[in-house]
Amino acid sequence: MMTKDIDKEFIANTYARFPLTLVEGKGSLVYDEGGKEYIDLGTGIAVNTFGIGDEEWIAAVTAQLGKIQHTSNLYFSEPCANLAKLLCERTGMKKVFFSNSGAEANECAIKAARKYGADKKGEEYTTVITLKNSFHGRTITTLAATGQDTFHQDFKPLTGGFVYAEPNSMADIERLCAENKCCAVMFEVVQGEGGVNALDKDYLAALAEFAEKNDILLIADEVQIGNGRSGELYGYMTYGITPDIVSTAKGLAGGLPIGATLLGEKVKDTYTPGLHGSTFGGNPISCAAAINVISRLDGDMLAGVKERSKYIFDELNGAEGVLSVSGLGLMIGVETVRPAADVISECMERGVLVIKAKNKVRMLPALNIPMDKLKIAINTFKEVCRK
Ligand SMILES: *Cc1c(COP(=O)(O)O)cnc(C)c1O
């Protein structure tokens, strides 16, 4: 039986998978069951930060694997403490809660914001404003936070206490804050699943000012754009704002499950023992992997992200068959004349993996993808778009 047949019979029917089974890889090259080679511009949805099987990353992971694989949060753990210290030093945030996924990182952020609102402004100050077209996860609460009706339909009743603002409209934020008792605004600086749209600089600056004045927390969902992908360590840094809470996951550990919620000055003491927890959260292997990833996201690595990003934007802006290019750093959305699904499957046939975001083709290459491989992939993509 082929993997795809076993999967079809035994895996819950939640994914519309591409007809492809990936079995191994190295760097930005991956191989299917038949040994066919692909240049990977998807990195497992922005997870494999340095591609497949990066030597330094493997060394960090296996060293920790040889020591202890799990401790539980009943005890102190070295990689967990050191990763939190590193993240705080690099961001100016004050404390970190570790979990296992983006949705959980957001759940922690939402719980912290609600407790802050209730403690500071009064019991009923628990409404969280999120943006239309956002994506924050698949749990019942993060689905409620997600500002897209299509995700809500089948799962009502969802968690209450979320209202949705039009992206880039301060008027909408002000209206919702007047109509509701709000504790926070949650946003992605680049909406990923919503179509790779970056928020306006002026909007985020005005939002930050409004939030400061009204004691509304800013929660940056950096699950996808975070960890170097924007060209800065976190995407909000390219906007010059300082969120009160930052959630991240996907690329943080370079291919192992992790979620992190970074708590700033205002909320650093909001949680007290017993209020939140996770069995696997802060897992030593994941944390050792993340220490390797974060410590390598230095000036040189980030300059490399910007350089690759500029190359892709320059190549695709105005290219035949390309209608628009959006995004930031190495999180790029391309609107094509041909339907995105056709472009994606033809690229796959020709050995290039790209993914979808709404009606766009999305590219999320490894931050250190070799330029020669990137050039081949972009040329193939352009040829496919031209048809
Ligand atoms: C992927 C994603 C999530 C959900 O992360 P999971 O690890 O799948 O739970 C949340 N927010 C954003 C912005 C994402 O891109």
Side-chain angles (χ1 to χ4, degrees), residues 12 14-17 42-49 97-113 128-148 150-152 155 158-159 162 164 167 184-199 204 218-230 234-236 238-239 243 245-262 278 280-283 286 289-290 293 326-333 355-358 360 362-365:
T14 62
Y15 302 109
R17 300 193 206 272
T43 55
I45 321 186
V47 166
N48 298 324
T49 306
F97 179 85
F98 289 116
S99 53
N100 315 284
S101 66
E104 284 173 273
N106 285 336
E107 290 270 350
C108 172
I110 293 160
K111 282 177 74 172
V128 177
I129 301 176
T130 63
L131 302 187
K132 289 181 183 163
N133 224 23
S134 57
F135 182 82
H136 297 298
R138 302 285 196 161
T139 61
I140 288 287
T141 295
T142 56
L143 267 187
T146 294
Q148 302 189 55
T150 45
F151 286 97
H152 295 172
F155 302 106
L158 298 176
T159 306
F162 291 93
Y164 313 100
V185 180
M186 182 164 164
F187 55 87
E188 304 152 83
V189 296
V190 181
Q191 295 191 324
E193 307 303 314
V196 201
N197 296 311
L199 293 178
L204 273 184
L218 288 186
I219 306 175
D221 178 344
E222 294 263 349
V223 171
Q224 193 160 158
I225 191 71
N227 312 302
R229 188 155 292 280
S230 68
Y234 288 99
Y236 71 79
T238 68
Y239 285 83
I245 304 178
V246 177
S247 58
T248 190
K250 287 193 169 90
L252 175 56
L256 287 172
I258 192 169
T261 310
L262 282 51
S278 163
F280 277 114
N283 171 268
S286 294
V293 169
S326 65
L328 181 65
L330 289 177
M331 179 168 164
I332 295 174
I355 64 178
K356 211 159 170 268
K358 285 276 166 70
K360 292 183 188 171
R362 180 169 30 157
M363 298 179 179
L364 301 158

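Everything quoted here is computed from the prediction, not taken from an experiment. In each ligand, atom 1 is the first atom listed, and ligand 1 is the first ligand listed.
A donor-acceptor contact shorter than 3.5 Å links the side chain of Glu222 to the backbone of Gly235. Counting only distance, with no hydrogens or angles, the side chain of His136 and the backbone of Thr141 share no donor-acceptor pair below 3.5 Å.
A search for side-chain contact (heavy atoms from CB on, under 4.5 Å) contacts involving Phe280 returns His70, Asn100, not counting sequence neighbours. For Ala290, the side-chain contact (heavy atoms from CB on, under 4.5 Å) partners are Leu83, Leu252, Ala253, Ile258, not counting sequence neighbours.
Residues Ala105 and Ser99 share a closest heavy-atom pair of N-OG, 3.5 Å.
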Table of N or O contacts for ligand 1, cutoff 3.5 Å:
unit_1, atom_1, unit_2, atom_2, d
ligand 1, 7 (O), Gly102, N, 2.8
ligand 1, 9 (O), Gly102, N, 3.4
ligand 1, 9 (O), Ala103, N, 2.8
ligand 1, 11 (N), Phe135, O, 3.3
ligand 1, 11 (N), Asp221, OD1, 3.4
ligand 1, 11 (N), Asp221, OD2, 2.8
ligand 1, 15 (O), Gln224, NE2, 2.7
ligand 1, 15 (O), Lys250, NZ, 2.6

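The list of salt bridge (Lys or Arg N to Asp or Glu O under 4.0 Å) pairs with a residue in residues 133-147, not counting sequence neighbours, is empty.
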